[in-house]
Amino acid sequence: MAKRTIVAMPGDGIGKVVLNEAIRVVDAAGFTAEYVHGDIGWEFWCKEGDPFPVRTQKLLEQHKIGLFGAITSKPKDKAEAELSPELKSKGCVYYSPIVSMRQKYDLDICMRPCKTFKGNPLNFIRRGFGGVIEEPVVDTMIFRQNTEGLYGGVEWTNPPDQVYDALMTHKKFKENFAWCPRPELAVSTRILTKKYTTRIIKAAFEYAKSKGFDTVTVCEKPNVIRETSGMMLKIAQEMAKTEYTGIKVQDTNIDAQMMWLTKNPETYHVIVASNMFGDIISDGFAGLIGGLGFACSANIGPEIAVFEPTHGSAPKYAGFNPSIVNPIAMIMSACLMLEHIGENEIASKISKAIAEVVEEGKVMTYDMMKLSGKPDVFGKGAVSTSEMADAIIAKLK
Ligand code: NAI
Ligand code: MG
C-alpha cells in the first residue's frame, strides 16, 4: 500500500518542538507515513503578510490530514508593527491561521477528549462526605461546534446603516439599545445554522453510541439564549427520539455546568456545545486532568481533518534548549489522528504507553511536578520534552 501523507504544520514556538516529538513517537509505534512540511504562523505573517500561505492550503487540500503544533497570535498593533516594511502599505490584515483553517475547510466538528490518567499528580481531587479525599475518574468527550456562533466573526463596531436599521426593527434592541450613540455600539453575532448544528449533535450521538454511553449532554443556555441554544437543544431532542432511541438528552446550562465541573465531573461522558461554550467547557475539563500539557483536540471537516494540542506556542519557553514542555498533548492529538484514519491499534498502543509512564511517576515534565517553568527544572527532577517522548517510546509494545 502507498504510504499515507500527512501535512506537518509545526507553527511557532513550542509547536515546533512538540510536533517533532509526536512524529517520533508515532513512527516508533509503527505508523509509516510521509510528512510534508507546511509553513504556518507568525514568521510567515511577518515575512509574507500571510500566516497561512496558499502553498500550505494546497498541501492540505491535496493530502487531507494535518498535524498542527501551535501558532503565535498578537494584537492588531503588534501585527502591523512586525510586518516587513515592504508589506506595510499592501493592506495585509492578520487573521489567526488556525481560525482561518477551521472556517475555510469547514473543520466544524471539534472533539476534545478529557480523560484521567491514573497516577497523574495533576489530577483533580475533592473532599467527599466525611472528609474523605476523592479522585474522580474523568472520561469526557467534548464536542464543540468549531465554525459558527460567537466565533463566527460577524461583528461590527459602529454598525453600518443596513445593520443598524435591521436591529432597530427588533423590539428589544429598540427598547434597550436605541439610546446608545452608534459609534459607541459594538455588536458580535451568534449565528447558528441548522446544518452545522445537526452535524455536531450527530457526531456526539454517534460517539455515545460507539462507546456505549446512554446520555448526551447539551450544554447551552436555552432559557436565555432562546433562538440559538434553543435550536441546538431541540435538534438534539428530536434526534434522540428518531435516530438514537437508546440515548437520552440531558440539558445543562453553561454556568451550572462549570459549577458541576468540580462537584461531579465523572458523571459526564459526552457533552455537545456551540463554539464558545464548547471552548469554555473543554478548558474547564482539561484543568481536571492535568491542564494544557494533556489537552488534545481534533478539528474534523467533511474532507479535511487537522489535529492539534489545545495549548498555544508558549513563547516564554520557546527558546529553552533542551525544551521543558510536556509533549503529551501533542502526542495524544496524533493519536486522535490515527483513530480518525482507522489506525486504532497504533493509537491504543501509544495511549497505553503514555498511561504507563504517567502511572509509574518516574518520568515527569516540569508541569507535572508543579514547578515554575525555568531552565533549572532539570536539577529538580523534571525531564525534557524529548526525554518524555523517549520514555513513552520505551513503553511501546
Ligand atoms: P499557551 O498555551 O501558549 O501557554 C500558556 C502557559 O501554559 C505556558 O506559559 C505554560 O506555562 C503552559 N503550557 C502551554 N503548553 C504547555 C505544554 N505543552 N507543557 C507544559 N506547559 C505548557 O498560551 P498563551 O501564553 O496564552 O499564548 C501564547 C501564544 O500562543 C499567543 O500568541 C496565543 O495567541 C497563541 N495561542 C495559540 C493557540 C493555537 O495555536 N491553537 C492556542 C492558544 C494560544
Ligand atoms: Mg480555549
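Counting starts at 1 for both ligands and their atoms, in listed order.
- Not one N or O of Thr72 is nearer than 3.5 Å to an N or O of ligand 1, by distance alone.
- For atom 24 (P) of ligand 1, the nearest protein heavy atom lies 4.0 Å away or farther.
- When hydrogens are left out, the protein atom nearest atom 30 (O) of ligand 1 is Ser313 N, 3.1 Å; that is the closest non-hydrogen contact.
- By the definition of a contact as any protein heavy atom under 4.0 Å away, atom 27 (O) of ligand 1 is not in contact.
- Of the N or O atoms in Ile71, one or more lie within a sub-3.5 Å distance of an N or O in ligand 1.
- Here the protein heavy atom with the shortest distance to atom 3 (O) of ligand 1 is Ala314 N, 2.7 Å.
- Cation-pi geometry between Arg102 and Tyr95 is not met at under 6.0 angstrom from the ring centre and within 45 degrees of the axis.
- Contacts between His311 and ligand 1 below 4.0 angstrom, taking non-hydrogen atoms only, involve backbone and side chain alike.
- Within the 4.0 Å heavy-atom criterion, neither part of Pro327 lies near ligand 1.
- Checked by distance only, ligand 1 and Lys74 stay at 3.5 Å or farther apart across all their nitrogen or oxygen atoms.
- Remark: minimum distance from atom 7 (O) of ligand 1 to any protein heavy atom is reached at Leu292 CD1, 3.4 Å.
- With 3.5 Å as the limit, one finds no donor-acceptor pair spanning the side chains of Arg4 and Thr32.
- Closest protein heavy atom to atom 19 (N) of ligand 1: Asn326 N, 2.9 Å.
- At least one N or O atom of Ser73, backbone or side chain, sits closer than 3.5 Å to an N or O atom of ligand 1.
- A salt bridge links Glu266 with Arg126: the closest approach of a Lys/Arg side-chain nitrogen to an acidic carboxylate oxygen falls below 4.0 angstrom.
- For Asp106 and Tyr196, the side-chain atoms include at least one donor-acceptor pair closer than 3.5 Å.
- Of all atoms in ligand 1, listed by their number and element, those nearer than 4.0 Å to a heavy atom of Lys316 are 9 (O).
- Of the protein's non-hydrogen atoms, the one nearest atom 2 (O) of ligand 1 is Gly312 N, 2.7 Å.
- Taking a 4.0 Å cut-off on heavy atoms, Ala329 fails to register as neighbouring ligand 1.
- Between Tyr366 and ligand 1, at least one pair of N/O atoms sits closer than 3.5 Å.
- The proximity of Thr365 to ligand 1, defined as any non-hydrogen pair under 4.0 Å, does not occur for either the backbone or the side chain.
- Of the polar atoms of Ile98, none of the N or O atoms is found under 3.5 Å from an N or O of ligand 1, judged by distance alone.
- Only side-chain heavy atoms of Glu308 come within less than 4.0 Å of ligand 1; its backbone N, CA, C and O stay farther off.
- For the 3.5 Å distance criterion, the side chains of Arg182 and Asn158 fail to qualify, holding no donor opposite an acceptor.
- Protein non-hydrogen atoms do reach within 4.0 Å of atom 32 (O) of ligand 1.
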